[in-house]
Every structure is written in structure tokens, then in C-alpha cells.
Amino acid sequence: CTPNDDSARKLTELLRANPGIGFRQFGIKANALGVPYNKARRFLDEGVASGKIEVRPVGRKHTHYLREGATRSVDAAE
């Protein structure tokens, strides 16, 4: 496993375990797992762009959800 694969796996599991999480909390929890803030941000941005992560606005906050069928790591090469 490359470090990128390990980070992607950790972040995918984090999002799966915390549906509806906001970015700030996601970044804090990712950092606690040893994943830098910038990697967590890129993970969410790339996941949204690829359609594997759904963003729902709730007031001024944006919540993040792993889409159904996105069972593999979001940014892992296939």
C-alpha cells in the first residue's frame, strides 16, 4: 500500500462512519487519524468532482455524504 492508498482508505471510512459531516469536523477527525488537512480537503473536492461524494447545503453549512455504490476508496486508482 502506498501512503496515498492508506490515506484514501482512512478518509473513505471516516466519511462512511460520519455521514453528514461538515468539512471542519472532517478535517479535525482526519488529522486525528494522521491525515493532513490539505489531503482531507483534496479528498472531499475530488470526491465531489467525481460524483462519489454528495454535498448537501444546510443553512450556511455544507454536509458531506458518501454516495450509494461508492464502496471503494474515493480517490483510489481503479
Side-chain angles (χ1 to χ4, degrees):
C1 263
T2 66
N4 238 1
D5 290 342
D6 188 45
S7 294
R9 187 170 38 256
K10 286 179 182 179
L11 294 172
T12 299
E13 289 305 314
L14 178 61
L15 187 56
R16 183 174 288 123
N18 296 277
I21 193 168
F23 174 72
R24 184 169 296 162
Q25 277 303 112
F26 187 79
I28 291 168
K29 289 178 181 275
N31 198 267
L33 294 174
V35 179
Y37 175 88
N38 64 330
K39 280 192 179 187
R41 178 71 186 190
R42 190 171 346 126
F43 171 85
L44 289 178
D45 289 343
E46 290 175 1
V48 170
S50 72
K52 294 183 179 179
I53 296 175
E54 179 181 352
V55 178
R56 298 180 194 160
V58 178
R60 290 180 19 181
K61 182 179 175 182
H62 292 98
T63 58
H64 298 82
Y65 298 85
L66 196 60
R67 286 195 185 270
E68 291 297 319
T71 56
R72 303 183 84 182
S73 294
V74 170
D75 63 353
E78 295 188 30

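In this text the structure is predicted, and so the values were computed from the model without any measurement.
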Engineer: Work out which heavy atom in Pro36 is nearest to a heavy atom in Asn31; give both atom names and the distance.
Structural biologist: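 In this case the closest contact between Pro36 and Asn31 is CA-ND2, 4.2 Å.
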Engineer: Where do Ala40 and Gly27 come nearest, in terms of heavy atoms and distance?
Structural biologist: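 Closest pair (atom of Ala40, atom of Gly27, distance): CB-CA, 4.5 Å.
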Engineer: Ignoring hydrogens, what is the shortest heavy-atom contact between Ile53 and Leu44? Give both atom names and the distance.
Structural biologist: CD1-CD2, 3.9 Å
Engineer: Show me the donor-acceptor pairs, under 3.5 Å and distance only, between side chains in residues 55-64 and residues at least two apart or in other chains.
Structural biologist:
{"residue": "Arg56", "atom": "NE", "partner": "Glu54", "partner atom": "OE2", "Å": "3.0"}
{"residue": "Thr63", "atom": "OG1", "partner": "Arg56", "partner atom": "O", "Å": "2.9"}
{"residue": "His64", "atom": "ND1", "partner": "Ile21", "partner atom": "O", "Å": "3.2"}

Engineer: For residues 10-32, pull every pair meeting ring pair (Phe, Tyr, Trp, His ring centres under 6.0 Å), keeping only residues two or more places apart or in separate chains.
Structural biologist: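 Of all non-adjacent pairs touching residues 10-32, those that pass ring pair (Phe, Tyr, Trp, His ring centres under 6.0 Å) are Phe23-Tyr37, Phe26-Phe43.
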Engineer: Which heavy-atom pair separates Leu14 from Ala30 by the least distance, and what is that distance?
Structural biologist: CD2-N, 3.6 Å
Engineer: Main chain of Gly51, side chain of Arg67: is a donor-acceptor contact present, judged purely on distance under 3.5 Å?
Structural biologist: yes
Engineer: Apply salt bridge (Lys or Arg N to Asp or Glu O under 4.0 Å) to the pair Glu13 and Lys10, showing each step before the final yes or no.
Structural biologist: CA-CA 5 Å; Glu13 289 305 314; Lys10 286 179 182 179; over 6 Å; no
Engineer: Check this for me: does any side-chain nitrogen of one of Asp45 and Arg42 sit under 4.0 Å from a carboxylate oxygen of the other?
Structural biologist: no
Engineer: Any side-chain heavy atom of Asn18 sitting closer than 4.5 Å to one from Lys29?
Structural biologist: yes
Engineer: In terms of hydrophobic clustering (I, L, V, M, F, W, Y; side-chain heavy atoms under 4.5 Å; direct or indirect links), are Val48 and Tyr65 co-clustered?
Structural biologist: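 No.
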Engineer: Measure the spacing between CG of Leu11 and CD of Glu46 and express it to the nearest 0.5 Å.
Structural biologist: 11.0 Å
